[in-house]
Amino acid sequence: MDKWQVMYKEKLASAEEIVKQVPSNAICATSCALGEAVGLAQALAERAEREELTGITHHLLLTLKNLKYLEPGMESKMKHVSYFTSGYARKTVQEGRADFMPCYYKDVPMIWRELVKAEVFYATVSPMDKHGWFSFGVSASTSRAQMSRANKIFLEVNENMPRTHGSQFVHISEVDAVFENNVPLAELGEAPITGQDRIIGDYIAELIPNGASIQLGIGGVPNAVAKALKTKKDLGLHSEMFTEGMVDLLESGAVNNSKKNIHRYKSITAFAAGSRRMYDFLDDNPGVEFHSIDYVNDINIIALHDNFVSINATIEVDLIGQACSESLGPKQFSGTGGQVDFVRGAGLSKNGKSFITTYSTAKNDSISKIKPMLTEGSHVTCTKNDIDYVVTEYGAAKLKGKTASQRAKELIAIAHPKFREELTFAAKKMNLMV
Ligand code: COA
């Protein structure tokens, strides 16, 4: 047995043994989404439930598993801190049982390096290679920063985690203990593409030139855009999240990364979530590199790509062009994620464009998502000065370089017809119809 194998065997332990090393009041950090050390987090929650521990916080950017610490009553023992309240964390935050960290995704590594010190870091990783390295797999965005000041580092090794390429690895010599847990990785079903998604996707695809580098968010519209882009040539991928539609774009040849100014012939990403087919595609694939989010979402790195295009969704937009993409009024719905990072990066790119998409209405056409003012308490995600295009099923409104009055007119023109009159009336009252 070689040196690294010996070290691995020495550090191998059960989840219960490992979590005994966690003290009360510890700040615990785990990797984003599929990088969560689910077996260790569950064992820690069980220990906290037995009253052996109090005051633990469990920081996780995006929750894909419904573990014990999310249950009612656990908040006094092991409180969840969410950075993006989709999935299972949403209800917990909305009910006041978990806390929320407002942030740009690109800043999360800085938060761990400079502002919040993790005492314990745990992550799911792929099996160790012959040199003693584990890959952070499909969850590379924040892991190295989270572990940078931790007193204890625990790895949950899962053979179902793809071994990905890029810069995000951890060595056996750096860790305190290893736990083996070969559970299936959570899979995300593909959001269905509606007729409206297809229309919006087609408006956007028309505005994307061959050779562009793209970032796509998650959801029906980004999926529709990915489908519509299959007829394009020489596209590049530089996207915080790697999505299912990107596998199709790479396999069809529409994306070949041949025109990128940096990382030519490589797709660049920070995390992935999708189907097992996607995880198999990413396993040992040198064409897709995973890097830390403060690199991938760095606006200056995004700006190095000419013709950069970003596509993300929003909840509502007001008539001056502010977008709320993360709350329903004051109620937290998701998070800023990388939306602003990519809107700003695309804004700095030569001939770059950013698209913020929304259906024109919500709740069976009873609510216009284009509003005179944002709903009271809404969290502004994109400011009026950052926003470029807003796209609904009624068209694409270019706001950058437009006056307040021109913006109001552009936005009313892509609102649902049944709301255009009242929006025009409100715009006049606000002196926006100059
Ligand atoms: N008023 C009232 N309700 C609204 C509404 C509005 N203006 N807009 C949406 N809703 C409701 C919808 O009707 C829906 O309710 P339902 O579930 O009961 O049908 C719910 O809110 C979700 O809306 P939907 O448009 O389906 O959201 P989504 O799941 O497509 O997510 C965002 C859209 C904007 C929340 C999501 O893309 C996001 O979090 N973006 C920010 C982060 C980001 O872009 N990151 C970068 C990419 S990874």
Side-chain angles (χ1 to χ4, degrees), residues 104-110 138 140-142 144 164-169 204-218 222 225-226 228-243 245-272 281-282 285-312 337-356 382 385-389 396 398 400-401:
Y104 296 119
Y105 202 174
K106 75 172 173 53
D107 287 343
V108 177
M110 176 280 293
V138 293
S141 61
T142 57
R144 287 274 351 164
T164 61
H165 287 239
S167 57
Q168 301 302 299
F169 297 86
I204 296 173
E206 249 174 58
L207 292 164
I208 300 181
N210 289 328
S213 288
I214 57 171
Q215 174 262 334
L216 293 176
I218 191 169
V225 174
L229 288 179
K230 274 195 186 159
T231 54
K232 303 273 172 179
K233 288 193 182 74
D234 300 330
L235 296 174
L237 278 183
H238 183 100
S239 187
E240 69 182 49
M241 183 174 182
F242 189 91
T243 62
M246 294 177 183
V247 179
D248 299 325
L249 284 172
L250 279 158
E251 285 187 342
S252 70
V255 169
N256 59 17
N257 296 302
S258 65
K259 294 283 190 285
K260 275 182 160 182
N261 296 342
I262 57 168
H263 295 294
R264 199 161 278 188
Y265 305 114
K266 303 276 185 188
S267 297
I268 301 299
T269 190
F271 82 104
F281 177 84
L282 293 171
N285 185 342
V288 184
E289 287 190 359
F290 283 73
H291 295 281
S292 172
I293 201 74
D294 51 352
Y295 178 78
V296 177
N297 285 25
D298 181 335
I299 59 174
N300 298 304
I301 297 296
I302 298 166
L304 291 176
H305 302 76
D306 294 344
N307 302 307
F308 196 92
V309 177
S310 92
I311 300 141
N312 294 293
Q339 183 168 120
V340 178
D341 306 338
F342 276 95
V343 165
R344 290 187 175 157
L348 292 173
S349 146
K350 189 174 163 202
N351 297 322
K353 297 180 181 129
S354 66
F355 297 95
I356 293 295
C382 293
N385 306 336
D386 288 316
I387 210 141
D388 189 11
Y389 286 87
K398 169 87 177 169
K400 211 165 236 182

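Just so you know, these numbers come straight off a predicted model, no measurement behind them. Side-chain atoms are counted along with the backbone in the values below, which use heavy atoms only and exclude waters and symmetry mates.
With a 4.5 Å cut-off on side-chain heavy atoms, Ile268 and His291 count as touching. Lys230 has its side chain within reach of Leu249: a pair of non-hydrogen atoms, C-beta onward, lies under 4.5 Å apart. Between Gln168 and Ser292 there is a side-chain heavy-atom pair separated by less than 4.5 Å. Side-chain contact between Phe242 and Leu237 is present, with heavy atoms from C-beta onward closer than 4.5 Å. Within the 4.5 Å cutoff, the side chain of Gln339 has heavy atoms near those of the Ile356 side chain. With a 4.5 Å cut-off on side-chain heavy atoms, Phe290 and Thr269 count as touching. Two residues are said to be in side-chain contact when any heavy atoms from C-beta on lie closer than 4.5 Å; Arg344 and Tyr104 meet this criterion. With contacts defined as side-chain heavy-atom distances shorter than 4.5 Å, the pair Ser267/Leu250 qualifies.
Between Gln215 and Ser310, the shortest heavy-atom distance links the atoms OE1-CB, 3.1 Å. The two residues Gly287 and Asn285 make their nearest non-hydrogen contact at N-OD1, 2.8 Å. The nearest pair of heavy atoms linking Gly352 to Asp388 is O-OD2, 4.2 Å. Nearest approach of Thr164 to Leu282, heavy atoms of both residues: CG2-O, 4.1 Å. Among all heavy-atom pairs drawn from Leu229 and Ala254, the shortest one is O-CB, 3.6 Å. In plain terms, the two heavy atoms of Lys266 and Lys260 that are nearest each other are O-NZ, 2.6 Å.
Put simply, CG on Asp107 and CG on Asp298 are 10.0 Å apart, with the number rounded to the nearest 0.5 Å. With rounding to the nearest 0.5 angstrom, the NZ atom of Lys232 is 6.5 Å from the CD1 atom of Ile208. Residue Ser258 holds its OG atom at 3.5 Å from CG of Asp234, rounded to the nearest 0.5 Å. Atoms CZ and CZ, from Arg144 and Phe169 in turn, are 11.0 Å apart once rounded to the nearest 0.5 Å. Distance check: Ser239 OG to Phe271 CZ gives 8.5 Å after rounding to the nearest 0.5 Å. Considering OG1 of Thr243 and CG of Leu216, their distance stands at 5.5 Å, rounded to 0.5 Å.
Residues that satisfy the ring-ring contact (aromatic ring centres under 6.0 Å, His included) test with His305, not counting sequence neighbours, are His238, Phe308. Applying the ring-ring contact (aromatic ring centres under 6.0 Å, His included) criterion to Tyr389, with sequence neighbours excluded, gives Phe355.
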**OP:** Carefully, step by step, assess Asn257 and Val255 under the rule side chain to side chain contact (heavy atoms under 4.5 Å, CB included).
**Re:** CA-CA 6 Å; Asn257 296 302; Val255 169; 3.9 Å; yes

**OP:** With side chain to side chain contact (heavy atoms under 4.5 Å, CB included) as the test, would you mind laying out the steps for Tyr105 and Thr142 before giving the verdict?
**Re:** CA-CA 9 Å; Tyr105 202 174; Thr142 57; 4.2 Å; yes

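A distance-only check finds a donor-acceptor pair linking the side chain of Asn210 to the backbone of Lys233 [under 3.5 Å]. Put simply, the side chain of Asp341 gets close to the backbone of Lys106: a donor and an acceptor are under 3.5 Å apart.
Applying the side chain to side chain donor-acceptor pair (under 3.5 Å) test to every pair with at least one member in residues 345-355, sequence neighbours left out, gives no pairs at all.
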